[in-house]
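Below is one structure; the comments refer to it alone.
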Amino acid sequence: MIRMKTITEAFISQFGGSSEEVRVFFAPGRVNLIGEHIDYNGGHVLPCALEIGTYLAVRKRSDSRLLFYSKNFQDKGVIEADLSTLVNDPAHSWANYPKGVISFLSDRIGSEGYEFYFCGNIPNGAGLSSSASIELVTAVCLNEMNGIGLSSIELVKLSQQVENQFIGVNCGIMDQFAVGFGEADQAVLLNCETLEYRYVPLNLPNHSIVIANTNKQRGLADSAYNERRAVCESALEKLKTEFPIQELCHLNEGQLVQAEQLLDPEEKQRVRHVVTENERTLKAVDVLEQDDLFAFGELMKASHLSLRDDYEVSCLELDAMVEAAWKQKGVVGARMTGAGFGGCTVNIVEDQHVESFKANVKEEYTAKTGLVPEFYTVKVGRGTRELTGEEVTQLQL
Ligand code: GLA
């Protein structure tokens, strides 16, 4: 456990000087409850922000140098760049995320550089949006420190553009939106076409959200992600010739049979997932609002099966984890979450069974895969912000 004071102290031991000009920001990670791989198809998603995330202690410099340090990547040491050379450099590894944000704001932040000390408690590369969290915490920090005055939605869109254009992953807007707009104990129902959203109270009495990390590295995830997106785009072009639609999610399940006649076998499968997942997400919100957790869990299961069989973004490890979870006492629902190909599953588990859930799933998962999983019982928290004195004193990292 590190208290907030410690991140400021850690900053000072890294960069020297006094703490007066050091400011501290936080951006959460996110978990998506349902609505997977449809944000870039104009669909509805239901993510929530987590209490775990990325902390950033930061101070302006008087020259134009940029110094990046992450406690999570200590082996990389301090990564140095300059406001005049903001290009994606593979040697800069994780620091390309904040560099991308700086580059997209470079005409609004003047000529002074920064010292950045990042410290996160979300597992990296596990599908809990550690990258969106780094992007948003940097964007909000620069916006505040320079009085730029961009709105939250502008910062969310800018962070998505950084991911698309600077990093090269053609992601949708769900992660950055959840990281920017999350609220404690609420999921966010987001229409990714219009960006209309509303909060859905997560009323889960006597239940917890347990995230299970497969610890399977998401090897080719980025290229497969871009491929899925490209297939959706080609399917949409074909469907537009017969249907008055702008997005795949404008189709409904009743139109699928007719739509499938225009598509090749791969496109058929992908479109079936997209259309049914969008409808499942809307149903999931209805049943959640009626406190019907059983029905919510059934929709989570159907979502996993659709991602496994139609969208084909699951993998042996994710399947092994959810199959073990579905058998456990007290499990309301379990599914893969995020982009897939590794990463995490999300589970809703009755509190009194959480410990046996972890023990049994671990045993079965390890027997099947040879990997040791990790579990995080998470709380749903607020979106990206500067931390105030009061929050600093309450904070336990
Ligand atoms: C990643 C992307 C999101 C979304 C999910 C899948 O997390 O960043 O935009 O597409 O995958 O739902």
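Numbering of ligands and ligand atoms starts at 1, following listing order. As a basis for the values below, the full set of heavy atoms in this structure was taken, side chains included, without hydrogen atoms, waters or symmetry mates. Keep in mind it's a predicted model, so treat the numbers as computed, not measured.
Among the atoms of Tyr40, none of the N or O lies under 3.5 angstrom from an N or O of ligand 1. Of the N or O atoms in Arg30, one or more lie within a sub-3.5 Å distance of an N or O in ligand 1. For ligand 1, the polar-atom distance check finds no N/O of Met174 at less than 3.5 Å from any of the ligand's N/O atoms.
Of the inter-residue distances, the one linking Phe357 atom CZ with Lys327 atom NZ reads 12.5 Å to the nearest 0.5 angstrom.
Here the side chains of Arg270 and Glu312 are in contact, with some heavy-atom distance below 4.5 Å. The closest side-chain heavy-atom distance from Gln74 to Lys71 is below 4.5 Å.
Test Phe15, Phe11, Phe68, Tyr69 against Phe116 for ring pair (Phe, Tyr, Trp, His ring centres under 6.0 Å) and you get one pass: Phe68. For the side chain to side chain donor-acceptor pair (under 3.5 Å) with Ser133, the qualifying choice from Thr138, Thr54, Thr384 is Thr54, the only one to do so. Among Tyr55, Tyr97, Trp94, the single residue meeting the ring pair (Phe, Tyr, Trp, His ring centres under 6.0 Å) criterion with Phe118 is Trp94.
Among all non-hydrogen protein atoms, the one lying nearest atom 9 (O) of ligand 1 is Asp39 OD2, 2.5 Å. Nearest to atom 10 (O) of ligand 1 among the protein's heavy atoms is Tyr225 OH, 2.6 Å.
The shortest heavy-atom distance from Met336 to ligand 1 is not under 4.0 Å.
In this structure, His37 has its ring center closer than 6.0 angstrom to the ring center of Tyr225.
Using a 4.0 Å cut-off to heavy atoms of Ala339, the atoms of ligand 1 that qualify are 1 (C), 11 (O). Under a 4.0 Å criterion applied to the non-hydrogen atoms of Cys171, ligand 1 contributes the atoms 2 (C), 8 (O), 9 (O). The distance from ligand 1 to the heavy atoms of Gly172 drops below 4.0 Å at these ligand atoms: 9 (O).
Remark: among candidates Asp175, Leu307, Ile34, the nearest residue to atom 7 (O) of ligand 1 is Asp175, based on non-hydrogen atoms.
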